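Quick notes on the structure that follows.
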Amino acid sequence: MLTLIASTQSNAQEDATWSGQIACIIYSHCSTCHNDGGIAPFSLMSYEDAQASRFAIQHVVTNRIMPPWPPDPSYNRLAHERLLSDEEVSLIDEWVKADAPAGDLANAPQAPIFETNLEISQPDMELNLPIFTVPQDAGEDVYRCFVIPTDEDEDRFITGMEIIPGNRNIVHHVLVYQDTTGVPEALDAADPGVGYTCFGGIGSDGARLVSGWVPGGTAYFTPPRMGVFLPAGANLIVQIHYPEGSEGQVDSTKINLQLSDDMGLRRMENLPLLNHITSIDRWLIIPANTQQTFYQEFTVPFNLSITGIAPHAHLLCTSMTAFAVRPNGDTIPLIHIPKWDFEWQGFYNFRNPIRLPFGTRLHGIATYDNTAENPNNPNDPPQLVTLGEATTDEMMLFFTPVTFYFAGDENIVIDDSEHPDHHDDCQLQGTTSSDDQKRSESLKIYPNPFAHSITVESESTSESFILVISDLFGHEVARLEGFQGLRKIQTSDLFPGLYILNVLDRHGNYIRSSRKLVKL
Ligand code: HEC
């Protein structure tokens, strides 16, 4: 018995090599940020890079500090989670303990290439922000707003938005608003240079938040049949936060939009349903040398669906939580951020839209530590901090993309993958996860429900698949063979109803469990 255990262990140690497993883990889960020009301070793009930082990697991975993902997955599972599996964490741990063996480098996966990594590579609208140089004498955080005319003659819907920071070393966050009031133009005209200074908000009450970007952020897509309304002639107002230390640096951020002319889309609004007005017992006032917890509650006035959540606070905050209680007493966890981090604020999507029937009570909880013990406290010694837009003030908001509820909303799939897609479909050699599962995970099929077309996207350039769509009687209604990359299947001819999708490898073997598709 003892020998058996010993031999299993030594096998496991032998197994963990850069070429066998670790390259795949690092390239899939780390290199997106840890590359030349990426937002992380050093590259993880080769065996040498990883070997040199192995102890730091072991530390951040086993303590789950990296990849950065502040929400607690045991509270609520979200879409597009940036998490390592337990197996991946222990492989990295074993690898470092075994002195980081390279294995057969000739067989290691190729390092990813990032120039071509845009998610919206053929945008319907491409917006280039003016070139902005952070003033040499700024001496503090700079919040700059840029007014970008869309020059559209007709109303449209935004269904996808990708923000491409120009200078990733200094772009800390980007918020994009839609505005038709003309106020931001006046603010811009009154402020010398390109754009205008804007702390927290953008200075226009009529502006509507579309979405945003934070370090590690990916493109934002609205769920199927939904969009953010973009009225004819609207301006996009883009707020960018350049942190202290960006003085003299230059940025020109880009925004790629995917638009729809379909006026039948459902309108979404990104609203702070939980905000300062909904505080229940007292205003956001945090005396020096105290820790305080604040509560917000909001009763939903219509039948609504929410598709995601973006909690927002500043430096003193230590944790944020939101949940909903339906009129029948069901409690729905929405998000829990146990260690609030001002630098890693996210726009999180739920795996499926969440139904909030009329009378549902939304609850928000946030804790703030205004003592000298809080290393993020901007004041030394601590000072009274109240509600305000400067980074040194505090806030408590939960933004939620929201729309009126339609029957079946909770069945719309925003993302249901168990694990993020791996770079180039790479697999961990000698581990239990099946190759097939890995391959099918790298296939994206959307939207579902669908109307006129389905898009199938394969990240792999080496694998090819066969896709078969059948009706409920097993009759094949569409087939796509030998494709790679991105393809659209026209589905206008199909009757509304339920269909089954199967994915086969190029030899005709089924490689993923059937999936239901709904034609509207
Ligand atoms: C979403 C972007 C992102 C991803 C993904 C990511 N990192 Fe990082 N990493 C950063 C940034 C940014 C920093 C700089 C410190 C910070 O801002 O938290 C960092 C810092 C680090 C550090 C230094 C930690 C320290 O305390 O100085 C290590 C080590 C590290 N990352 C390893 C990894 C590993 C290993 C992975 C994959 C398992 C990974 N990172 C994934 C963005 C990322």
Side-chain angles (χ1 to χ4, degrees), residues 16-18 21-71 73 78-97 100 108-109 111-112 114 117 119 141 162-165 167-174 212-220 241-246 310 315 337-349 375-376 391 417 419-424 426 428 431 459:
T17 61
W18 172 259
Q21 302 87 6
I22 307 304
C24 177
I25 301 174
I26 299 282
Y27 291 159
S28 305
H29 300 286
C30 316
S31 305
T32 38
C33 301
H34 288 269
N35 66 70
D36 221 20
I39 57 165
F42 61 98
S43 279
L44 288 173
M45 290 288 286
S46 66
Y47 171 67
E48 289 71 27
D49 289 348
Q51 202 269 348
S53 308
R54 63 191 181 281
F55 297 115
I57 292 174
Q58 182 185 36
H59 172 76
V60 295
V61 164
T62 54
N63 290 294
R64 294 209 177 256
I65 298 167
M66 288 280 148
W69 185 255
L78 297 163
H80 310 295
E81 289 173 335
R82 208 163 38 215
L83 291 167
L84 297 181
S85 67
D86 292 345
E87 183 186 25
E88 288 170 331
V89 171
S90 54
L91 281 166
I92 288 191
D93 192 30
E94 283 167 20
W95 177 68
V96 177
K97 284 181 181 151
F114 286 102
N117 238 8
E119 287 182 79
D141 292 27
E162 183 163 27
I163 296 171
I164 306 138
N167 182 345
R168 285 172 184 266
N169 292 328
I170 60 165
V171 174
H172 251 215
H173 83 232
V174 182
W213 180 91
V214 286
T218 47
Y220 172 73
H241 173 201
Y242 302 104
E244 200 179 331
S246 312
L315 296 164
I337 301 197
K339 281 191 200 146
W340 175 257
D341 184 345
F342 180 71
E343 301 296 339
W344 291 108
Q345 313 202 27
F347 287 77
Y348 303 102
N349 276 318
N376 300 320
T391 327
S417 52
H419 189 72
D421 293 346
H422 271 182
H423 158 64
D424 211 6
C426 65
L428 311 183
T431 62
E459 285 183 357

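Whatever order the structure lists ligands and atoms in, that order sets their numbers, starting from 1. It should be emphasised that the depicted structure is a prediction, and the values quoted were computed from it without experimental measurement.
When the options Pro420, Ser28, Ala40, Cys33 are ranked by their closest heavy atom to atom 4 (C) of ligand 1, first place goes to Cys33. Among Cys30, Pro41, Gly346, the residue whose heavy atom sits closest to atom 14 (C) of ligand 1 is Pro41.
Which parts of ligand 1 touch Phe42 is read off a 4.0 Å heavy-atom cut-off, strictly below it: atoms 21 (C), 22 (C), 23 (C), 28 (C), 29 (C), 30 (C). Within the listing of ligand 1, atoms 5 (C), 37 (C), 41 (C) sit less than 4.0 angstrom from a heavy atom of His29. Less than 4.0 angstrom separates some heavy atom of Val61 from each of these atoms of ligand 1: 35 (C), 38 (C). For ligand 1, the atoms sitting less than 4.0 Å from at least one non-hydrogen atom of Val60 are 24 (C), 28 (C), 29 (C), 30 (C), 32 (C), numbered in the order shown with element in parentheses. Those atoms of ligand 1 with a heavy atom of Ala56 less than 4.0 angstrom away are 29 (C). Proximity to Arg82 (heavy-atom distance under 4.0 Å) selects the following atoms of ligand 1: 1 (C).
Looking at His173 and Gln345, their side chains never bring a donor and an acceptor atom within 3.5 Å of each other.
The CD1 atom of Ile57 sits 5.5 Å away from the CH2 atom of Trp95 when rounded to the nearest 0.5 Å.
With a 4.0 Å heavy-atom cut-off, ligand 1 is reached by no atom of Ile25. Here Pro68 has side-chain heavy atoms under 4.0 Å from ligand 1, and that is the only part of it that gets that close.
In terms of the side-chain contact (heavy atoms from CB on, under 4.5 Å) criterion, residue partners of Glu244 (sequence neighbours excluded) are, by chain and number, Asp141, Glu247. Checked against disulfide (SG to SG under 2.5 Å), Cys24 has the following partners two or more places apart in sequence or in another chain: Cys426.
Taking 2.8 Å as the threshold, His34 counts as a candidate ligand of atom 8 (Fe) of ligand 1, since one of its N, O or S atoms lies below it.
The shell of residues lying under 4.0 angstrom from ligand 1, judged by heavy atoms, excludes Glu343.
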Query - Steps toward side-chain contact (heavy atoms from CB on, under 4.5 Å) verdict (Leu78, Asn349) - result: CA-CA 6 Å; Leu78 297 163; Asn349 276 318; over 6 Å; no
Query - side chain to side chain donor-acceptor pair (under 3.5 Å) assessment of His419 paired with His29 - result: CA-CA 11 Å; His419 189 72; His29 300 286; 3.2 Å; yes
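Taking the six-membered ring wherever Trp is involved, the centroid distance between the rings of Tyr242 and His172 does not fall below 6.0 Å.
Counting heavy atoms from C-beta outward, Ile65 and His59 have side chains that approach closer than 4.5 Å.
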